[in-house]
**Student:** 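A single structure is presented below for examination.
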Amino acid sequence: MWPYPRILAHRGGGTLAPENTLAGVRRGMEAGFRAIEFDAMLARDGVPVVLHDPTLGRTVAGRGSVADIDALDLAARDAGSWFGPDYAGEPVPLFAEFAQYCKAHGVWMNIEIKPVPGHDVQTGTVVARLAAALFADEIRAGRVERVPLLSSFSEAALQAARDAAPAVPRAWLTSSIPPDWERRARALDAVAIHTDHKRLTAAAAAQVKAAGFGLFCYTVNAPARARELFGWGVDGLCTDRIDLIPPDFC
Ligand code: G3P
Ligand code: MG
């Protein structure tokens with residue numbers, strides 16, 4: 001039901017390094033992490049990059065939509081200076097290179113498909129196909145615990161991912177668990193529900209588990225809360241505080 005690590009570094013290295021960068025992954029690895037969550041979206045040319053925001057300005061200097069800039073242009077931009085001078089010049093990763101790096105270093109991935117608004121189907125399709133190609137060997141061998149888990153708030157993106165690469169598992173990301181959650185999750189052939197721990201109740205957690213789904217929470221930064229959630233049957237979580245909730249937390 002949840003063959004994956006229980007503690008993931010959110011956005012690569014949590015808040016101890018610039019989010020969604022290889023420097024973040026390396027920071028997480030230094031802390032012992034071999035499992036991460038990160039965000040992927042398409043650039044103008046349809047090539048996926050690792051970014052959280054659909055617009056420039058917060059982690060990458062500039063203005064405008066990611067969908068108006070080609071991937072190699074984005075990859076030449078600085079995604080580290082906003083965090084601190086030590087990370088100046090840290091690039092926006094290309095998804096394929098980033099995922100390859102993680103695979104080569106044994107870092108398991110929860111890939112959040114984060115489409116620029118209006119690009120849901122294309123983003124789900126492209127990201128799922130690339131993940132399937134990169135992990136074709138593990139899929140063929142049935143090593144499900146090594147294959148990335150795709151997740152998204154966009155049901156359209158997940159549907160497209162399922163159609164494009166059904167062998168790569170999906171999780172439905174939802175900020176709270178609605179009454180019709182099970183029907184929607186089953187429509188996506190989702191293996192897990194990913195949800196905001198702040199809105200999760202013990203009763204809802206029990207329902208999700210009783211229905212046979214994995215249950216994952218974002219973004220948990222207090223050890224006492226992490227313990228409580230695991231007590232409710234939560235299978236995994238991601239954290240920004242990789243210093244407070246280490247990979248061997250439980
Ligand atoms: O995948 C869980 C979490 O990352 C969702 O929220 O905004 O941090 O991508 P966000
Ligand atoms: Mg995310």
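Computation of the quantities below employed the complete heavy-atom set of this structure, encompassing side-chain atoms and omitting hydrogens, waters and symmetry-equivalent molecules. Whatever order the structure lists ligands and atoms in, that order sets their numbers, starting from 1. The chain is numbered in sequence order, starting from 1. Here the structure is a predicted model, which means the values were calculated and not measured.
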**Student:** Nearest 0.5 Å, please: how far is CD1 in Ile193 from NZ in Lys209?
**Tutor:** 10.5 Å

**Student:** Do side-chain atoms of Arg34 reach the backbone of Pro247 as a donor and acceptor pair under 3.5 angstrom?
**Tutor:**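 Judged by distance alone, no pair lies under 3.5 Å.
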
**Student:** Any chance you could measure Trp181, atom CH2, to Ser176, atom OG, to the nearest 0.5 Å?
**Tutor:**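 OG of Ser176 is found 13.5 Å from CH2 of Trp181.
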
**Student:** Listing by chain and number, which protein N, O or S atoms are under 2.8 Å from the Mg ion (ligand 2)?
**Tutor:**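 Listed by chain and number: Glu37 OE2, Asp39 OD1, Glu112 OE1.
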
**Student:** Throw together a table of side-chain donor-acceptor distances under 3.5 angstrom for residues 131-139, partners on residues two or more places apart or in other chains.
**Tutor:**
unit_1: Asp137; atom_1: OD1; unit_2: Lys103; atom_2: NZ; d: 3.1
unit_1: Asp137; atom_1: OD2; unit_2: Lys103; atom_2: NZ; d: 3.0
unit_1: Glu138; atom_1: OE1; unit_2: Arg143; atom_2: NE; d: 2.4
unit_1: Glu138; atom_1: OE1; unit_2: Arg143; atom_2: NH2; d: 3.1

**Student:** As a test of reading the model: which N/O atoms of the protein lie under 3.5 Å from N/O atoms of ligand 1, and at what distance?
**Tutor:**
unit_1: ligand 1; atom_1: 1 (O); unit_2: Glu37; atom_2: OE2; d: 2.7
unit_1: ligand 1; atom_1: 1 (O); unit_2: Glu112; atom_2: OE1; d: 3.1
unit_1: ligand 1; atom_1: 4 (O); unit_2: His10; atom_2: NE2; d: 2.7
unit_1: ligand 1; atom_1: 4 (O); unit_2: Glu37; atom_2: OE2; d: 2.6
unit_1: ligand 1; atom_1: 4 (O); unit_2: Glu112; atom_2: OE1; d: 3.2
unit_1: ligand 1; atom_1: 7 (O); unit_2: His52; atom_2: NE2; d: 2.6
unit_1: ligand 1; atom_1: 7 (O); unit_2: Lys114; atom_2: NZ; d: 3.3
unit_1: ligand 1; atom_1: 8 (O); unit_2: His10; atom_2: NE2; d: 2.9
unit_1: ligand 1; atom_1: 8 (O); unit_2: Arg11; atom_2: NE; d: 3.4
unit_1: ligand 1; atom_1: 8 (O); unit_2: Arg11; atom_2: NH2; d: 2.8
unit_1: ligand 1; atom_1: 9 (O); unit_2: Asp39; atom_2: OD1; d: 3.2
unit_1: ligand 1; atom_1: 9 (O); unit_2: His52; atom_2: NE2; d: 3.3
unit_1: ligand 1; atom_1: 9 (O); unit_2: Glu112; atom_2: OE1; d: 2.8
unit_1: ligand 1; atom_1: 9 (O); unit_2: Lys114; atom_2: NZ; d: 2.7

**Student:** Any side-chain heavy atom of Arg184 sitting closer than 4.5 Å to one from Pro178?
**Tutor:**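 Result yes, sub-4.5 Å side-chain heavy-atom pair found.
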
**Student:** To the nearest 0.5 Å, how far apart are OG in Ser151 and CE in Met109?
**Tutor:** 12.5 Å

**Student:** Between atom CD of Glu112 and atom CG of Asp39, what is the distance when rounded to the nearest 0.5 Å?
**Tutor:** 4.5 Å

**Student:** Just jot down the ring pair (Phe, Tyr, Trp, His ring centres under 6.0 Å) partners of Trp108, sequence neighbours excluded, or say none.
**Tutor:**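 Once residues adjacent in sequence are excluded, the partners of Trp108 under the ring pair (Phe, Tyr, Trp, His ring centres under 6.0 Å) criterion are Tyr4.
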
**Student:** Is there a side-chain contact between His52 and Arg58, using heavy atoms and a 4.5 Å cut-off?
**Tutor:** yes

